[in-house]
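Remarks on the structure that follows.
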Amino acid sequence: MQKYFLSPSIIASDFTRLTEEIRACESAGADWLHMDIMDGHFVPTITIGPLFVEACKRASKLPLDVHLMISEPEKYIEDFAKAGASNITVHVETCPDLPKVVKKIQSLGCKAGITLNPATPASALDSALPLADLVLVMSVKPGYSGQTFMPEMISKVEEIRNKLNALRSSAHLEVDGGINLDTLPLMKKAGANAFVTGNAAFKHPQGTAAGVKALKELASSPTL
Ligand code: ZN
């Protein structure tokens with residue numbers, strides 16, 4: 001049976017109450033904690049780095065799902081592995097030799113994820129697809145939290161799910177960007193099994209635990 005993973009994106013949390021936010025994610029059934037690392041170069045914004053990841057590692061037993069939206073990620077992979085990352089995902093746009101970077105991540109004991117911007121065709125991942133432990137489809141243009149979901153990315157998820165099936169790959173297919181109670185079912189139907197969520201989890205009117213719980217129930221629902 002397919003297992004579904006919910007990965008709340010910690011940059012949407014209230015950093016002044018980080019430990020409470022992480023506890024709320026854990027108690028409500030989050031599977032991973034997603035870390036959106038932005039460098040102000042590959043994307044316009046700067047967010048968090050390895051020191052923050054390391055602090056989250058000390059605060060939580062959940063696997064840390066690290067998404068590197070940074071130029072020259074190879075230079076920093078070891079730092080993030082040492083900080084406690086479980087999954088490290090890199091953008092094909094930043095890796096001229098994607099299979100090499102995937103192998104480097106795996107050699108450090110982490111699961112290797114590959115991802116692509118909305119404008120990049122799925123075929124850009126082909127060379128590394130048989131090696132990857134995780135494929136992440138961006139359903140917004142990377143760079144900011146709180147953006148609107150791009151419905152045209154549904155067919156990209158379907159395309160990559162078909163490729164993974166053809167390879168008999170057990171890699172996770174994760175989606176990131178504008179995932180909420182309305183869009184999660186669309187991506188699940190398209191073949192995703194891991195869901196990054198920002199504001200829908202952390203800005204829920206009844207609090208983070210309620211937000212995570214509602215999304216997790218939807219992700220795990222056998223009827224969807
Ligand atoms: Zn992300």
Side-chain angles (χ1 to χ4, degrees), residues 4-13 15 18 21-22 25 30-50 52-53 56-57 60 62-71 73 76-77 80-81 83-95 98 101-102 105 110-120 122 125 132-150 153 156-157 160 171-180 183-184 187-188 192-203 208 211-212 215 219:
Y4 295 95
F5 295 83
L6 191 73
S7 191
S9 175
I10 206 75
I11 64 163
S13 73
F15 287 180
L18 184 63
E21 293 277 60
I22 290 174
C25 289
D31 299 281
W32 300 336
L33 287 178
H34 191 76
M35 313 259 141
D36 282 310
I37 314 295
M38 306 186 196
D39 67 350
H41 187 259
F42 174 61
V43 290
T45 318
I46 298 176
T47 55
I48 54 176
F52 192 93
V53 174
C56 292
K57 183 68 189 171
S60 180
L62 291 179
L64 304 182
D65 182 32
V66 174
H67 174 193
L68 298 183
M69 284 171 266
I70 64 176
S71 300
Y76 304 98
I77 285 166
F80 285 101
S86 292
N87 307 333
I88 297 181
T89 296
V90 291
H91 274 260
V92 62
E93 298 86 0
T94 63
C95 297
L98 191 58
V101 180
V102 164
I105 293 168
C110 300
K111 302 280 188 204
I114 55 177
T115 186
L116 71 181
N117 287 339
T120 304
L125 300 180
D133 302 298
L134 183 151
V135 182
L136 174 68
V137 173
M138 293 294 305
S139 38
V140 298
K141 196 165 173 280
Y144 303 95
S145 186
Q147 293 187 75
T148 309
F149 177 79
M150 299 167 73
M153 293 301 115
K156 192 186 251 182
V157 170
I160 294 175
H172 297 297
L173 181 48
E174 185 174 39
V175 286
D176 185 0
I179 300 298
N180 55 35
T183 56
L184 189 152
M187 289 306 217
K188 186 175 171 183
N193 78 301
F195 308 92
V196 177
T197 174
N199 289 347
F202 291 104
K203 305 286 191 289
T208 299
V212 170
L215 289 154

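One-based numbering, in listed order, for ligands and for the atoms of each.
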Would you say NZ of Lys111 has more than 12 non-hydrogen atoms from neighbouring residues, nucleotides or ligands within 6.0 angstrom?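 For Lys111, atom NZ is not crowded (no more than 12 foreign heavy atoms under 6.0 Å).
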With the Zn ion (ligand 1) as the point of reference, which N/O/S atom of Asp176 is the closest?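 Closest to the Zn ion (ligand 1) among those atoms: OD2.
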Restricting to N, O or S, what is the name of the atom of His67 that lies nearest the Zn ion (ligand 1)? ND1
Is it the case that Lys188 places NZ or CZ above or below the six-membered ring of Tyr4, under 6.0 angstrom from the centre and within 45 degrees of the axis?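 The answer is yes, since Lys188 meets both limits relative to Tyr4.
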Would you give the angle at the Zn ion (ligand 1) between Asp36 atom OD1 and His34 atom NE2, to the nearest 10°? 100°
Run the side-chain contact (heavy atoms from CB on, under 4.5 Å) test on Phe195 and Leu6 for me, step by step, so that the C-alpha distance in whole Å, both residues' side-chain angles and the decisive distance to 0.1 Å come before the verdict. CA-CA 5 Å; Phe195 308 92; Leu6 191 73; 4.1 Å; yes
Indicate whether the side chain of Ser71 and that of His41 have a donor and an acceptor atom separated by less than 3.5 Å. yes
